[in-house]
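Bear in mind the structure is a predicted one, so any value in this text is a computation, not a measurement. Atoms within each ligand, like the ligands themselves, are counted from 1 in listed order.
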Amino acid sequence: MTGPELAEAGRLLAAARRPVVFTGAGMSAESGVPTFRDAQTGLWQRYDPQELATPAAFRADPALVWGWYEARRRGVRRAEPNPGHRAVAAIAARLPDTVVITQNVDDLHERGGVPAPVRLHGSLFAPRCSACARPAPLPSDLPPSADPPEPHDGAEPHGGAEPHDGAEPHGGAESHAPEAHDGPLDPPACADCGAPVRPGVVWFGEALPSAALDAAVEAASGCDLLLTVGTSALVHPAAEIPLVAARLGAPVVQVNPVPTPLDAICAVNLRGPAGEVLPALVRAAWPGADAG
Ligand code: BV8
Ligand code: ZN
């Protein structure tokens with residue numbers, strides 16, 4: 001990507017001291033993590049994500065919803081941060097007052113070099129009890145001494161037993177049970193109260209974590225540039241964060257291959273994929289810089 005828009009966006013970034021980088025699912029698209037707009041795959045294509053991501057869906061069918069999140073968590077585990085994630089880390093490394101705010105529940109910002117993004121919608125890696133909110137271990141993180149997963153085809157438990165599908169034994173319990181199973185999966189029970197464990201994400205109809213929302217509004221209110229990357233800006237209250245920055249006079253630069261409701265408030269709209277545009281933007285701001 002080149003051209004006057006990129007040069008202008010580069011100028012705005014080079015002049016910034018307190019930038020906010022606000023990201024959505026498009027940020028991780030080039031890492032192979034489907035966006036909410038993308039069609040779901042396999043069993044899940046029968047379901048609308050906005051219906052599955054609700055307390056009502058979990059109450060109605062905990063195994064279906066837990067299975068969906070386990071499938072997404074496995075997908076993210078197999079994914080790698082893309083050059084866009086690394087460019088965001090390069091901006092934060094160069095400008096220490098950068099605040100990264102994400103709607104994503106994957107951990108690719110952290111793995112891409114941004115240690116503590118503000119997480120508006122939670123994480124796939126922070127399960128907790130659906131009743132007492134006690135943090136729960138990730139199924140795959142169960143210590144080896146924990147009782148082995150239920151044999152699901154009458155074969156011996158996995159540890160040391162014959163491979164159950166004739167193939168080489170997979171490495172470790174995690175890659176076994178969850179890998180083989182891409183459907184409904186009973187959520188573990190809370191070690192304290194026995195209630196089902198739920199994913200540590202914010203479901204539709206649920207309030208955002210107040211600390212994260214407050215930190216996001218504060219950062220957007222005090223920023224001197226807001227970079228919005230890969231969001232359709234349709235989910236609230238997250239979609240209001242770029243508006244807070246614009247209302248207080250900060251320039252907003254958007255990275256998205258297609259127009260969104262944010263176009264009108266943006267000083268510059270960079271039409272392209274984050275994995276290509278963000279490294280180019282870092283180089284436009286700081287020629288010769290390592291874009292991560
Ligand atoms: C609440 C976690 C009340 C779970 C998520 C005001 C107006 C209208 C509706 C509402 C409103 N206020 C509240 C609502 C209701 C609702 C809402 O916003 N509904 C929408 C759909 C109309 N909001 C809520 O329910 C919120 N809670 O309001 O609670 C309350 C208050 C107090 C007390 C009690 C209750 C909670 C919302 C959070 C829901 N959880 N995620 C999970 O992930 O499973 S939202 C989830 O969807 C994501 O986190 C993300 O936020 C959203 C998806 O949006 P995007 O990230 O933007 O992704 P999308 O797929 O849409 O678009 C991708 C974009 O990337 C596209 O533009 C595409 O062009 C672009 N792209 C693609 N490839 C690339 C790219 N860009 C760059 N590079 C590429 N390569
Ligand atoms: Zn509990």
Side-chain angles (χ1 to χ4, degrees), residues 1 22-40 44 47-58 65-66 68-73 75-76 82-85 87-88 101-106 108 119-136 187-210 212-213 216 227-243 254-263 269-279 281:
M1 169 169 274
F22 177 69
T23 68
M27 182 78 234
S28 299
E30 292 149 275
S31 298
V33 179
T35 71
F36 260 63
R37 300 305 99 197
D38 289 338
Q40 301 229 86
W44 313 110
Y47 301 94
D48 169 357
Q50 277 174 35
E51 270 154 36
L52 278 177
T54 62
F58 187 69
V65 172
W66 182 258
W68 182 50
Y69 280 97
E70 275 300 283
R72 289 172 62 188
R73 193 170 63 78
V76 168
N82 65 58
H85 292 106
V88 172
I101 303 168
T102 190
Q103 300 168 75
N104 300 344
V105 292
D106 64 49
L108 297 177
R119 299 198 145 278
L120 291 177
H121 295 161
S123 162
L124 288 171
F125 300 91
R128 66 176 190 269
C129 173
S130 57
C132 72
R134 180 184 188 274
C190 169
D192 256 14
C193 74
V197 168
R198 59 160 288 170
V201 301
V202 179
W203 281 329
F204 288 94
E206 290 187 322
L208 275 57
S210 52
L213 187 54
L227 197 49
T228 176
V229 181
T231 185
S232 58
L234 297 173
V235 172
H236 295 263
E240 281 135 44
I241 297 296
L243 307 179
Q254 175 168 229
V255 178
N256 196 313
V258 303
T260 76
L262 294 173
D263 279 42
N269 286 296
L270 300 175
R271 292 264 182 270
E276 290 167 27
V277 173
L278 291 173
L281 176 59

Of the choices [options], which has the non-hydrogen atom that lies closest to [atom]?
atom: atom 38 (C) of ligand 1; options: Met27, His121, Arg119, Arg271; result: His121
atom: atom 76 (N) of ligand 1; options: Pro257, Gly200, Ala207, Ser210; result: Pro257
atom: atom 63 (C) of ligand 1; options: Ala29, Gly24, Ser31, Gly230; result: Gly230
atom: atom 11 (C) of ligand 1; options: His236, Glu240, Gln103; result: His236
atom: atom 78 (N) of ligand 1; options: Ser123, Ala274, Pro34, Ala239; result: Ala274
atom: atom 35 (C) of ligand 1; options: Pro237, Gly205, Gly122, Ala53; result: Gly205

Discussion item. So, regarding Ala25 and ligand 1 (criterion: nitrogen or oxygen to nitrogen or oxygen, under 3.5 Å), is there a contact or not?
Written reply: yes
Discussion item. Is there a polar contact between ligand 1 and Leu208, counting only N or O atoms under 3.5 Å apart?
Written reply: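 No, no N or O pair falls under 3.5 Å.
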Worksheet item: Can the ring centres of Tyr47 and Trp68 be said to be less than 6.0 Å apart?
Response: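 Centroid separation for Tyr47 and Trp68: 6.0 Å or greater.
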Counting from 1, what ligand 1 atoms have a heavy atom of [X] closer than 4.0 Å?
X: Tyr69; value: 4 (C), 42 (C), 44 (O)
X: Ser232; value: 54 (O), 57 (O), 59 (P), 61 (O), 62 (O), 64 (C), 67 (O)
X: Leu234; value: 18 (O), 20 (C), 22 (C)
X: Val258; value: 69 (O)
X: Glu206; value: 1 (C), 26 (C), 27 (N), 29 (O), 35 (C), 36 (C)
X: Pro273; value: 78 (N), 79 (C), 80 (N)
X: Arg72; value: 42 (C), 43 (O), 44 (O)
X: Gln50; value: 21 (C)

Worksheet item: Where's the contact between Thr35 and ligand 1, heavy-atom distance under 4.0 Å: side chain, backbone, both or neither?
Response: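 Both backbone and side chain of Thr35 come within 4.0 Å of ligand 1.
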Worksheet item: How does Glu30 reach ligand 1, by side chain, by backbone, by both or by neither, if only non-hydrogen atoms under 4.0 Å count?
Response: side chain
Fill in: Over all atoms of both residues, closest heavy-atom pair of Cys193 and Cys132
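Of all heavy-atom pairs spanning Cys193 and Cys132, the closest is SG-SG, 4.0 Å.
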Worksheet item: So which heavy atom on Arg119 is nearest to which on Asn104, and how close?
Response: NH1-O, 2.6 Å
Worksheet item: Can you name the salt bridge (Lys or Arg N to Asp or Glu O under 4.0 Å) partners of Glu51, sequence neighbours left out?
Response: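 Counting only residues at least two positions away or on another chain, Glu51 forms no salt bridge (Lys or Arg N to Asp or Glu O under 4.0 Å).
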Practice prompt. Examine the side chains of Ser232 and Thr260 and answer whether a donor and an acceptor come within less than 3.5 Å of each other.
Written response: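 Their side chains do not contain a donor-acceptor pair, so the 3.5 Å distance test is not met.
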Worksheet entry | Side chains of Gln103 and Thr231, donor plus acceptor under 3.5 Å |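 Yes, because at least one side-chain N or O of Gln103 sits under 3.5 Å from a partner of the opposite role on Thr231.
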Determine whether [X] and [Y] make a side-chain contact, defined as any pair of heavy atoms from C-beta on separated by less than 4.5 Å.
X: Pro261; Y: Leu234; result: yes
X: Pro237; Y: Leu208; result: yes
X: Val76; Y: Phe125; result: yes
X: Leu270; Y: Asn256; result: no
X: Tyr69; Y: Pro127; result: no
X: Leu227; Y: Phe22; result: no

Worksheet entry | Around the Zn ion (ligand 2), number of protein N/O/S atoms which are nearer than 2.8 Å | 4
Item to complete: Can you spot which of Thr35, Asp106, Val255, Asn82 makes a side-chain contact (heavy atoms from CB on, under 4.5 Å) with Met27?
Response: Asn82
Fill in: Polar side-chain atom of Glu30 near backbone of Gly275 as donor-acceptor pair, under 3.5 Å
yes
Fill in: Check ion pair Arg198-Glu70 (N to O, under 4.0 angstrom)
no
Practice prompt. Check whether any heavy atom of Ala238 sits under 4.0 Å from an atom of ligand 1.
Written response: no
